[in-house]
Amino acid sequence: MTIESDNAKEEIKEIVERCINCGMCKPRDSIFKVMREEQYSPRGKAIMLKNNQYDKILFDDNLSKQCEASCPLKIKMHEAIVKSRKVLVEEKKEPEEVRKAIRNLRNTGNIFGDK
Ligand code: SF4
């Protein structure tokens with residue numbers, strides 16, 4: 001763990017702790033509409049992050065901000081999710097596909113590794 005990931009976790013907590021678990025974000029969330037499992041919903045991700053659970057599932061989000069539009073408290077879940085991805089990368093817990101994309105970007109300038 002690093003100071004950067006500790007700071008990011010505090011910032012994430014500040015965002016997700018405002019969530020009241022009302023679920024109003026779920027019907028409009030495009031990922032939840034397809035996956036139909038709580039952990040893919042903004043509420044599910046907020047609960048995970050409140051409990052310090054940093055799972056690769058946090059990369060399964062299109063950051064569309066649809067949930068913010070339907071949230072009565074206008075919680076910025078997309079910001080919490082971007083920060084949580086940074087934590088996962090910092091702690092080397094990102095999915096292999098992401099690791100590969102980062103490696104390709106560093107070596108070739110694009111995520112696919114094409115020269
Ligand atoms: S709508 Fe907002 S407050 Fe309600 S569960 Fe979703 S993120 Fe939490």
Side-chain angles (χ1 to χ4, degrees):
M1 219 178 280
T2 65
I3 290 172
E4 286 81 13
S5 68
D6 282 349
N7 289 343
K9 284 181 178 178
E10 281 183 29
E11 292 167 9
I12 292 163
K13 280 261 176 170
E14 284 174 19
I15 296 170
V16 298
E17 280 183 346
R18 293 179 55 234
C19 173
I20 55 172
N21 296 345
C22 69
M24 290 179 71
C25 52
K26 287 172 66 173
R28 286 182 63 188
D29 184 76
S30 54
I31 304 299
F32 179 73
K33 276 188 206 168
V34 175
M35 303 305 284
R36 309 303 299 174
E37 291 179 36
E38 180 70 18
Q39 70 265 32
Y40 289 97
S41 73
R43 179 173 70 181
K45 288 171 183 156
I47 291 168
M48 282 174 52
L49 291 169
K50 278 184 199 177
N51 291 312
N52 265 323
Q53 291 176 323
Y54 285 78
D55 189 275
K56 292 175 184 174
I57 207 167
L58 292 159
F59 281 90
D60 294 332
D61 195 293
N62 60 10
L63 307 173
S64 68
K65 302 185 189 174
Q66 289 167 319
C67 56
E68 184 184 342
S70 51
C71 175
L73 301 174
K74 301 296 175 213
I75 293 177
K76 297 185 182 305
M77 277 307 295
H78 62 283
E79 286 186 10
I81 291 169
V82 168
K83 288 176 191 287
S84 72
R85 290 176 181 178
K86 287 180 185 172
V87 169
L88 283 161
V89 170
E90 187 80 30
E91 295 182 354
K92 303 192 185 320
K93 295 176 184 168
E94 72 276 29
E96 177 53 33
E97 312 86 66
V98 172
R99 197 170 297 147
K100 187 177 174 189
I102 292 170
R103 196 169 48 241
N104 286 341
L105 193 58
R106 286 188 178 132
N107 292 339
T108 66
N110 71 73
I111 61 170
F112 304 106
D114 298 333
K115 297 202 174 174

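For clarity, every value in this text was computed on a predicted model and none was experimentally measured. Residues: numbered from 1 along the sequence shown. All values below come from the heavy atoms of this structure, side chains included, with hydrogens, waters and symmetry mates left out.
Summarising the geometry, atom CG belonging to Asp60 is positioned 9.0 Å from atom CG belonging to Asp55; distances are rounded to the nearest 0.5 Å. One finds the CD atom of Glu79 at 10.5 Å from the CG atom of Leu63 (value rounded to the nearest 0.5 Å). The structure places SG of Cys67 at 7.0 Å from CG of Asp61, a figure rounded to the nearest 0.5 Å. The structure places CD of Glu97 at 11.5 Å from CD1 of Ile111, a figure rounded to the nearest 0.5 Å. The NZ atom of Lys65 sits 4.0 Å away from the NE2 atom of His78 when rounded to the nearest 0.5 Å. Distance CD/Glu17 to CG/Leu49: 10.5 Å, rounded to 0.5 Å.
Both Leu58 and Val34 are assigned to one and the same hydrophobic cluster, defined by single-linkage of ILVMFWY side chains at heavy-atom distances under 4.5 Å. Residues Val82 and Ile57 share a hydrophobic cluster, clusters being chains of Ile/Leu/Val/Met/Phe/Trp/Tyr side chains in contact below 4.5 Å. Clustering ILVMFWY residues whenever any of their side-chain heavy atoms sit less than 4.5 angstrom apart, transitively, puts Ile47 in a cluster other than the one holding Met77. Ile20 and Ile75 fall within a single hydrophobic cluster, where Ile, Leu, Val, Met, Phe, Trp and Tyr side chains are chained together by heavy-atom contacts under 4.5 Å. In the hydrophobic clustering of this structure, Leu73 does not group with Met24; members are Ile, Leu, Val, Met, Phe, Trp, Tyr whose side-chain heavy atoms approach within less than 4.5 Å, directly or through other members.
When every heavy atom of Asn21 is checked against every heavy atom of Lys50, the shortest pair comes out as OD1-NZ, 3.5 Å. Residues Gly23 and Pro27 approach most closely at O-CD, 3.5 Å, considering heavy atoms. The shortest heavy-atom contact between Phe59 and Val89 is CZ-CG2, 4.2 Å. Taking each heavy atom of Phe112 and Asn104 in turn, the nearest pair found is C-ND2, 3.5 Å.
For the pair Cys22 and Pro72, the minimum side-chain heavy-atom distance is below 4.5 Å. With a 4.5 Å cut-off on side-chain heavy atoms, Ile12 and Val87 count as touching.
Enclosure of atom NZ in Lys86 is not indicated, since only 12 or fewer non-hydrogen atoms of other residues, nucleotides or ligands lie within 6.0 angstrom. Lys100 NZ: 12 or fewer foreign heavy atoms inside a 6.0 Å radius. Around atom NZ of Lys13, more than 12 heavy atoms belonging to other residues, nucleotides or ligands sit under 6.0 Å away. Within a 6.0 Å radius of NZ in Lys74, other residues, nucleotides and ligands contribute more than 12 heavy atoms.
A donor-acceptor pair is defined here as one N or O able to donate and one able to accept, closer than 3.5 Å; no such pair exists between the side chain of Glu90 and the backbone of Glu4. Between the side chain of Asn62 and the main chain of Ser64, a donor-acceptor pair closer than 3.5 Å is present.
Under 4.0 Å is where a charged nitrogen must lie from a carboxylate oxygen, and between Lys9 and Glu91 at least one such pair does. Between Arg99 and Glu96 a salt bridge is recorded (basic side-chain N to carboxylate O distance below 4.0 Å). With respect to the salt-bridge test (charged N to carboxylate O, under 4.0 angstrom), the residues Arg43 and Glu38 qualify.
Under a cutoff of 6.0 Å and an axis angle of 45°, Lys45 and Phe32 do not form a cation-pi pair.
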